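Here is the structure we will look at, set down as structure tokens.
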Amino acid sequence: MKVVIIIPTYNERENTDKMIDILADILPQIPDHQVEVLYVDDSSPDGTAQVIKSFQKHYKWLHLLEGNAKQGLGSAYARGMRYAMKDMHADYLMEFDADFQHPPQDIPRLIAEINHGYDYIIGSRYIAGGSIPAHWGGNRKLLSVGGNLFARFALLMPQIHDVTGGFRLSRVKGFMDRFDFSTLLSRQFAYKIHLLAYMVNAGAKVREVPFHFAARTSGDSKIMKNEMKETLRVIFLYQTKNPQVRRFFKFAVVGFVGYLVNAGTLQLFTVWKWGSVAVWGISTELAIISNFVWNNVWTFSDQKITGPGKLAYKFFQFNLTSMGGLLIQTVVGTLSDWLLHTTHYRQLVLAFAIVCLVLPYNYLMYTLVIWRQKKN
Ligand code: GDD
Ligand code: MN
């Protein structure tokens, strides 16, 4: 396989000659694969590009893509990745920092995972054997760990331990060659979040490889002050387009409408002094009808149930699965009435049970039973 290590630089002169020397030692030792390096420089005023050019005479594997002005890390990678795929015919793209925070000695360990069939290999600071610099202050550590943890869950990818790191290897065929760079959500560091979400949701086989994220010893970090906002923006934009998230949101809205129908009709019947078990049953059934109709035409419109026979059968099934939800509520409600003495706590327990048990139960029933996705 041809692996292209993409190294974006902005004012990394001091790091660059050292890096190229070390890479010249490491690259020939990597078995099975042809590894080349592509520096993507944004006209660094310190003359980083000149350093690279002076080495190009000696090393055939060393490439340089120059740019006009500093446009941000995401733009640099977009440029570099397209070039590596089109002009260098890369099979894998590696993202790598110029400043030794990603130890070049770890490059072969990531590349070795290609042989095990992985599509996406992530250098990970947050699994056993990985780390961030021990001397970092409490605030910086908290920001790094907390930011990563938040992004992990906001992306609904708890299975991936390091989602904000910048040391990664991605397969081109079937993955990066299908990515439309004109849709890249950030020109800055937050581009990483988008590419990660893209790869994982495209079904990449993922492997995390631990590494020690080193401290920078020369030059300065180029990370922008607005990067946190930028990351939030990317996650928000990405997730509002994510079909799974949109579906869950619709499901929640429909459920809330169902609750309003239930509570509203119950209230009406009480005003009309109809109170009895039948009334409770009628208002519950009205809520069930509302849930069925709105989920069918909106939440699951892509699997819409049609035709009187199918509708009748599925509606019957829907009533049965809804009984399950009611049963959970009734059991938890009775138990809390029985065990707790203050109404306040009983209501809290019930609300908690609805969110943690009934909601997931209903969602699972809808997606796995009622509006089950047809296999293509
Ligand atoms: N061409 C180009 N243009 N290169 C850039 C630009 C740019 O606008 N901005 C940064 N770079 C280069 C730097 O020269 C360096 O080689 C690499 O991108 C990483 O930049 P740093 O400034 O060293 O980033 P960092 O150390 O703060 O952030 C690193 O760690 C983060 C996780 O904590 C990066 O690896 C991030 O990707 C990562 O999220
Ligand atoms: Mn750095």
Side-chain angles (χ1 to χ4, degrees), residues 126 142 145-161 232 235-236 239-240 242 244-296 298-300 314-372:
Y126 300 118
L142 195 74
V145 174
N148 181 66
L149 209 62
F150 171 82
R152 237 173 109 179
F153 287 94
L155 288 169
L156 304 175
M157 293 176 182
Q159 74 277 24
I160 306 214
H161 301 82
L232 287 178
I235 294 175
F236 179 79
Q239 292 297 53
T240 48
N242 182 340
Q244 245 48 53
V245 173
R246 293 174 72 101
R247 199 195 288 287
F248 190 81
F249 178 76
K250 291 176 183 176
F251 157 82
V253 171
V254 170
F256 185 68
V257 170
Y259 163 78
L260 290 181
V261 169
N262 197 167
T265 48
L266 209 55
Q267 191 68 35
L268 261 186
F269 292 151
T270 319
V271 171
W272 294 342
K273 301 204 167 53
W274 282 21
S276 76
V277 177
V279 159
W280 181 83
I282 292 168
S283 64
T284 304
E285 191 55 37
L286 287 175
I288 290 177
I289 293 171
S290 161
N291 283 349
F292 184 73
V293 170
W294 294 120
N295 277 319
N296 194 40
W298 192 43
T299 317
F300 295 95
K314 283 288 179 181
F315 180 63
F316 174 69
Q317 210 180 29
F318 189 81
N319 272 273
L320 288 185
T321 61
S322 299
M323 291 304 154
L326 284 175
L327 194 70
I328 299 176
Q329 273 185 62
T330 314
V331 169
V332 176
T334 314
L335 274 181
S336 57
D337 276 354
W338 187 42
L339 294 171
L340 300 168
H341 299 293
T342 44
T343 334
H344 179 68
Y345 280 125
R346 283 181 213 160
Q347 274 168 355
L348 265 182
V349 168
L350 195 61
F352 191 72
I354 289 174
V355 171
C356 297
L357 297 173
V358 180
L359 237 64
Y361 163 83
N362 276 335
Y363 196 68
L364 277 179
M365 284 297 154
Y366 295 2
T367 49
L368 297 180
V369 181
I370 312 286
W371 286 280
R372 193 196 182 98

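We use all heavy atoms of the structure for the numbers below, so side chains are in, but hydrogens, waters and symmetry mates are not. Just so it is clear, the structure is predicted and the values come from calculations on it, not from any experiment. We count residues from 1, following the sequence as given.
Side chain of R372 to main chain of L368: a donor-acceptor pair is present (N/O by atom type, distance under 3.5 Å, no hydrogens or angles). A donor-acceptor pair is defined here as one N or O able to donate and one able to accept, closer than 3.5 Å; no such pair exists between the side chain of S290 and the backbone of L286. Between the side chain of R346 and the main chain of H341, a donor-acceptor pair closer than 3.5 Å is present. Remark: the backbone N or O of F292 is not paired with any side-chain donor or acceptor of N296 at under 3.5 angstrom.
Each of L364, L359, V358 was checked for a side chain to side chain contact (heavy atoms under 4.5 Å, CB included) with N362, and the lone residue meeting it is V358.
Residue pairs meeting the side-chain hydrogen bond (donor to acceptor under 3.5 Å, both in side chains) criterion with at least one member in residues 256-268, sequence neighbours excluded: N262-S283. For residues 314-334, the side-chain hydrogen bond (donor to acceptor under 3.5 Å, both in side chains) pairs, not counting sequence neighbours, are K314-Q317. Residue pairs satisfying the salt bridge (charged side-chain N to carboxylate O under 4.0 Å, His left out) criterion with at least one member in residues 322-336, sequence neighbours excluded, are absent. For residues 145-155, the pairs satisfying side-chain hydrogen bond (donor to acceptor under 3.5 Å, both in side chains) are N148-T164, with sequence neighbours left out. Within the structure, ring-ring contact (aromatic ring centres under 6.0 Å, His included) contacts touching residues 346-370 (residues at least two apart or in different chains) are F248-Y363, F251-Y363, F251-Y366, F318-Y366, Y366-W371.
In this structure, L268 CG and I282 CD1 are separated by 12.0 Å, a value rounded to the nearest 0.5 Å. How far CD1 of I235 is from CG of N242: 12.0 Å, rounded to the nearest 0.5 Å. Between atom OG1 of residue T284 and atom CG of residue L266 there is a gap of 7.5 Å, rounded to the nearest 0.5 Å. For the atom pair L348 CG and T343 OG1, the distance stands at 11.0 Å (nearest 0.5 Å).
Within the 4.5 Å cutoff, the side chain of L232 has heavy atoms near those of the F150 side chain. Residues W298 and V253 meet the side-chain proximity criterion, which asks for heavy atoms closer than 4.5 Å.
The two residues V254 and N291 make their nearest non-hydrogen contact at O-OD1, 3.3 Å. Of all non-hydrogen atoms in S336 and V349, the two that sit nearest each other are CB-CG1, 4.0 Å.
Partners of R247 according to the side-chain hydrogen bond (donor to acceptor under 3.5 Å, both in side chains) rule, which considers only residues two or more places apart in sequence or in another chain, are D302.
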